[in-house]
Amino acid sequence: MMTIELQNLETQTFSSLNRPILQGINCQIGRGEFVALLGLNGAGKSTLLRSLLGLVPLRQGEIRINGTTIHAPKNGSKTSRRDVGMLFQGGGLIRQLSALENVLCGRLGAMSTWQTLWGFPKSDRRLALDLLTRLGLKDQAYQKTSLLSGGQQQRVAIARALIQSPQILLADEPIAALDAIAAKQVMEILSALHREQGMTIITVLHDLAIAASYAQRAIILDGGKIVYDGKSQNLPATLA
Amino acid sequence: MKTAAILSKLWQSIIRHPQAVIQNGQPWINRLLILVAVILIYGWAWQGLQVDLELLKTSWPYIVDFIRRLWPPNLEVLDVAIKALIETIQMSLWGTTIGAVLSLPIAVASASNLAPPWLRLSANFVQNVVRSVPSIVLGLLFVAATGLGAPAGTLALGIYTIGYLAKFYQEAIESVDPRSLESLQISGASWLQIAQYGILPQVLPLGLGYTLYMFEYNIRAASVLGVVGAGGIGFELASYIRSFEYPKATTMMLVLLVVVTAIDGLSSKLRDRLEDS
């Protein structure tokens, strides 16, 4: 039942902080949980998220996702990464490609270099278009992503993550720099994925009220350590 | 007296604590220091030139006489000029293409976001070596290897282009959004897939713009190469000047001016369209 297990995680010492970014992180996240990662800048939220993808070299500790141990980049397991989708702040899209092409990029890991050399099969293109339609971007499918608004770009990034059919969706400040309406749209989509598909969502947020509204659980980091792990409801009051 | 006192105080503070003055000093003191430094550098460069203003004054009539002898242009050699110009464009086209193709792997090997440090160091050294050889020396080298004419000029332009395009391409590659590449890496894309779908679309508009600029630049560079016998319009231009046929040389320069202006306008428009895309 357990999806993510972090045991005594410690990263290399970061010179400007003069300490490891993460130190002694222990936590378990069950399947279908909606978790908000909170904390000040430099607390280690994004590093923790990236470590779940095997992108951060660890000095000690272990990360297990669905029973598979995740290693640092050199030995990164491709299979476990396809279980995990990631949303970056600003989308992390290729601005020169269309929304549809960006979504299709989510399929690259499932295909060989030779297969994708001349483009993507029709079935994948249909699937990508279907995802964009579901996210309200049918009319923007063939537009360059650089011409889309911040909220639309983030929805394209969600579609790109969803085309991988992930069980776990990680989001690094997905609503940073978005206006209130676009931020609400993005959070509603994440909430629907969690509610309707039982997807595990782990998102870095800065807004305590938004975390309390959408997430079930909040993990607060400070100085690379977990200082709070519990319910996200009434979080502002708890912190006060 | 007051000014002298301020300057003296300033000088003393620079001598004693130069770093502190730059970091903690008043903004106007910093600006004054920069101004003084700039004036000193220009003064140093000027005295190195040993410019004789008296000589310039007495030589002015000779300059005027030279310009007067250039006019009017002799249009009898217009066909020769156009033929030589076409050869110059052909040289620039092939020279730029050869240079662009050779620049690409060097740029990839030099880019800090793609190559390991040891490879970057070697590739940057290759770039510096190529850039430090003047085009005219390359022209002489290839004239010695392949004889007088356009092939020597084309090869010289090809190598000369590497020094610049490799650097431009490298900077275009380094300006790629790292998060967009990481997102492809996370989806499990291979290195070649990341290059095709992540790096190429981001680098292409900028890279094509730089290549167009280099093509335009090489038309002018090809004219210089002609002086050492490496073909193109420069070859004819240098021949007419050496034989004191100045009006014919003027025709060559006017034809070159028209073409350079036209290509500049055209490539500017193309570059704007590429940047917008």
Side-chain angles (χ1 to χ4, degrees), chain A residues 46 49-50 52-56 73 76-98 101-120 144-147 153 156-157 160-166 169-170 172-173, chain B residues 100 104-105 107-108 111-120 168-213 269-277:
Chain A
S46 296
L49 216 56
R50 287 160 56 82
L52 297 178
L53 294 156
L55 292 172
V56 180
S77 156
K78 214 173 168 180
T79 316
S80 61
R81 279 188 199 178
R82 283 221 293 274
D83 291 347
V84 185
M86 174 85 178
L87 295 181
F88 286 90
Q89 186 184 343
L93 302 171
I94 318 291
R95 293 167 57 80
Q96 290 76 6
L97 298 182
S98 69
E101 287 166 327
N102 266 292
V103 177
L104 285 164
C105 282
R107 290 283 297 149
L108 288 173
M111 299 162 89
S112 70
T113 305
W114 181 248
Q115 280 175 311
T116 54
L117 197 61
W118 309 112
F120 293 87
K144 280 216 168 75
T145 35
S146 58
L147 302 172
Q153 287 186 25
V156 174
R160 183 178 62 184
L162 292 182
I163 206 169
Q164 290 175 248
S165 308
L169 186 61
L170 309 176
D172 191 3
E173 301 191 36
Chain B
L104 205 59
V108 170
S112 58
N113 53 346
L114 292 182
W118 65 267
L119 186 61
R120 254 175 17 228
F168 292 155
Y169 289 169
Q170 178 196 338
E171 283 181 3
I173 293 169
E174 284 173 349
S175 68
V176 164
D177 175 17
R179 258 188 301 209
S180 66
L181 300 190
E182 205 170 56
S183 66
L184 298 184
Q185 190 191 345
I186 286 165
S187 74
S190 67
W191 194 89
L192 271 173
Q193 286 172 326
I194 292 173
Q196 185 186 350
Y197 289 94
I199 298 171
L200 203 63
Q202 295 187 64
V203 168
L204 207 61
L206 210 56
L208 280 175
Y210 287 142
T211 312
L212 269 172
Y213 172 76
K269 273 195 177 154
L270 275 170
R271 282 202 302 271
D272 285 347
R273 286 184 70 172
L274 283 169
E275 276 162 25
D276 290 343
S277 66

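So that the names make sense, note that chain A is the first sequence line, chain B the second, and so on, each numbered from 1.
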**Item:** Which portion of A:Leu93 sits near chain B, non-hydrogen atoms under 4.5 angstrom
**Value:** backbone
Mind listing the side-chain donor-acceptor pairs of residues 111-120 of chain B below 3.5 Å, one per line with the distance, residues two or more places apart or on another chain?
residue: B:Ser112; atom: OG; partner: B:Glu174; partner atom: OE2; Å: 3.2
residue: B:Asn113; atom: ND2; partner: B:Ile173; partner atom: O; Å: 2.9
residue: B:Arg120; atom: NH1; partner: B:Ala115; partner atom: O; Å: 3.2

**Prompt:** For B:Gln196, is it the side chain, the backbone, both, or neither that has a heavy atom closer than 4.5 Å to a heavy atom of chain A?
**Reply:** side chain
**Item:** Any donor-acceptor N/O pair, B:Tyr197 side chain to A:Leu108 backbone, under 3.5 Å
**Value:** no
**Message:** For A:Leu117, which atoms come within 4.5 Å of any heavy atom of chain B: side chain, backbone, both, or neither?
**Reply:** both
**Side chain, backbone, both or neither of A:Arg107 within contact of chain B (heavy atoms, under 4.5 Å)** = neither
**Fill in**
A:Arg95 meets the salt bridge (Lys or Arg N to Asp or Glu O under 4.0 Å) criterion, sequence neighbours left out, with none
**Prompt:** Given the options A:Ser112, A:Gly90, A:Gly91, which has more heavy-atom pairs under 4.5 Å with chain B than any of the others?
**Reply:** A:Ser112
**Request:** Answer with side chain, backbone, both or neither: which region of A:Gln89 has an atom nearer than 4.5 Å to a non-hydrogen atom of chain B?
**Result:** both
**Request:** Kindly indicate whether the side chain of B:Glu182, heavy atoms from C-beta on, has any atom under 4.5 Å from the side chain of A:Leu53.
**Result:** no
**Prompt:** Do A:Ile94 and B:Leu184 touch side chain to side chain, with heavy atoms closer than 4.5 Å?
**Reply:** yes
